[in-house]
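Remarks on the structure that follows.
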Amino acid sequence: MAKMMDMETKIGRRFEGKVAIVTASTQGIGFAIAERLGLEGASVVISSRKQKNVDEAVEKLKNKGLEVFGVVCHVSNAQHRKDLIQKTVDKYGKIDVIVSNAAVNPSVDPLLRTLESILDKLWEINVKATVLLLQEAASHLQKGSSIVIISSIAGYNPQPAMAMYGVTKTALLGLTKALATEMAPVTRVNAVAPGFVPTNFAAYITKDEGVKKVNEEKTLLGRLGTPKDMAAAAAFLASDDACYITGETLIVAGGLPSRL
């Protein structure tokens, strides 16, 4: 606990007076990003599909003394997206940062045996929802605002058991470039591509000790990533420290190969 407190006292306050929305942020990487932005001074709006998860996450962050507001939002639901943006503006009057983190991987079938409904769901949530959310938010974004899209190392080399998921994450690399061009110079748009990070979403990484060891050995640093590693990268890209960076993807994968 003392070590954690020491680490938190070393974190800067780059987001004082800023308002940040993080989607899918009640656990895992999304929660870590919301926590990091809050620790750095942001008023953070967290969201998830279930009210119970939102309430629990809000309580955890408020217990750390952070300014946080929770909204139920399934990113594929148009009214939920509209409500997320409007409730944020109603409460805080502006939006400075949006981190688009929501994703699904509902199938491990090979691509050529994946149902059309699954293909549609992957595309709708992993790619299209980011565009639709930003359509809602664009008019409220401040000069100097920042978008961070969470892609994946899988976008560079889609694995057989999650091939279409990987393809959607490849699409986010292009989406980052396209949005950066369209939203400049008012808003910067960048992406983070996490490597192997054991979370509930990617439990397969650690549930088998052999698989965990293989994945650790694939990295140059000899370990898996953590949600806090990803949060640090997202906070950097969202902050003014990255004010001359846009349209780029920061790979946070411990040295895993990453080339299209």
Side-chain angles (χ1 to χ4, degrees), residues 15 18-26 29-30 33-34 37 42-49 69-104 120-152 155 165 167-194 230-231 233-240 242-243 245-250:
F15 297 96
K18 294 193 175 183
V19 177
I21 294 173
V22 186
T23 64
S25 48
T26 58
I29 290 173
I33 292 171
L37 297 177
S43 298
V44 182
V45 180
I46 64 168
S47 67
S48 186
R49 292 178 299 164
F69 178 57
V71 179
V72 171
C73 180
H74 192 317
V75 295
S76 66
N77 183 305
Q79 188 60 51
H80 283 198
R81 292 191 302 269
K82 186 183 292 289
D83 288 346
L84 176 61
I85 299 304
Q86 192 57 55
K87 287 179 179 180
T88 299
V89 173
D90 288 347
K91 184 167 180 64
Y92 295 114
K94 63 172 184 169
I95 302 170
D96 299 287
V97 175
I98 297 177
V99 180
S100 182
N101 176 60
V104 294
D120 289 343
K121 183 175 184 179
L122 279 157
W123 188 259
E124 183 176 355
I125 294 176
N126 294 9
V127 182
K128 192 170 80 169
T130 293
V131 178
L132 296 175
L133 181 66
L134 293 179
Q135 287 178 357
E136 290 288 344
S139 64
H140 303 289
L141 291 169
Q142 303 292 295
K143 171 72 174 172
S145 55
S146 178
I147 309 299
V148 180
I149 296 170
I150 307 302
S151 179
S152 171
Y165 169 84
V167 170
T168 64
K169 293 299 187 175
T170 307
L172 292 180
L173 307 179
L175 181 63
T176 298
K177 293 284 189 186
L179 287 171
T181 300
E182 184 168 330
M183 300 181 81
V186 173
T187 302
R188 296 182 300 105
V189 185
N190 293 290
V192 173
M230 308 310 134
F236 163 67
L237 288 175
S239 77
D240 289 341
C243 65
I245 301 173
T246 195
E248 302 298 338
T249 298
L250 178 56

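Sequence positions, counted from 1, serve as the residue numbers for this chain.
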Can you give the donor-acceptor pairs under 3.5 Å from side chains of residues 125-138 to other protein atoms, not counting sequence neighbours?
unit_1 : atom_1 : unit_2 : atom_2 : d
N126   : OD1    : V104   : N      : 2.8
N126   : ND2    : V104   : O      : 3.1
N126   : ND2    : T168   : OG1    : 3.1
T130   : OG1    : S100   : OG     : 2.6

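Listed here is the closest heavy atom pair of P194 and S151: CD-O, 3.3 Å. A235 and F15 get closest at one heavy-atom pair: O-CZ, 3.3 Å. Nearest heavy atoms, M183 versus V189: SD-CG2, 3.8 Å. Closest of all the heavy-atom pairs between G30 and V22 is O-CG1, 3.7 Å.
Contacts classified as salt bridge (charged side-chain N to carboxylate O under 4.0 Å, His left out) and involving residues 179-188 (residues at least two apart or in different chains) are not found. Applying the side-chain hydrogen bond (donor to acceptor under 3.5 Å, both in side chains) definition to pairs two or more places apart or across chains, those involving residues 84-97 are E67-Y92, Q86-D90, K94-D96.
Between the CD1 atom in I33 and the OG1 atom in T23 there is a gap of 9.0 Å [rounded to 0.5 Å]. To the nearest 0.5 Å, the span separating CG on L84 from CZ on F69 amounts to 9.0 Å. With rounding to the nearest 0.5 angstrom, the CG atom of L37 is 10.5 Å from the NZ atom of K18. Of the inter-residue distances, the one linking H140 atom NE2 with I85 atom CD1 reads 7.0 Å to the nearest 0.5 angstrom. Of the inter-residue distances, the one linking L250 atom CG with I245 atom CD1 reads 8.0 Å to the nearest 0.5 angstrom. With rounding to the nearest 0.5 angstrom, the CG atom of N77 is 8.0 Å from the CG atom of D83.
Side chain of S48 to main chain of S25: no donor-acceptor pair is present (N/O by atom type, distance under 3.5 Å, no hydrogens or angles). Side-chain N or O atoms of N101 include one that pairs as donor or acceptor with a backbone N or O of A24 at under 3.5 Å. S146 contributes no side-chain N or O that, together with a main-chain N or O of V97, makes up a donor-acceptor pair within less than 3.5 Å.
Under the side-chain contact (heavy atoms from CB on, under 4.5 Å) test applied with I149, the options L237, T249, T176, N190 reduce to a single match, T176.
Evaluation of the side-chain hydrogen bond (donor to acceptor under 3.5 Å, both in side chains) rule for T187 yields S145 as partners, not counting sequence neighbours. Residues meeting the side-chain hydrogen bond (donor to acceptor under 3.5 Å, both in side chains) test with S76, sequence neighbours left out: H74. By the salt bridge (Lys or Arg N to Asp or Glu O under 4.0 Å) test, D120 is found to be paired with no residue, residues two or more places apart in sequence or in another chain being considered.
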ask   = Given the rule in the side chain to side chain contact (heavy atoms under 4.5 Å, CB included) test, do I98 and L141 qualify, once you have shown the distances and angles that lead to the verdict?
value = CA-CA 9 Å; I98 297 177; L141 291 169; 4.1 Å; yes
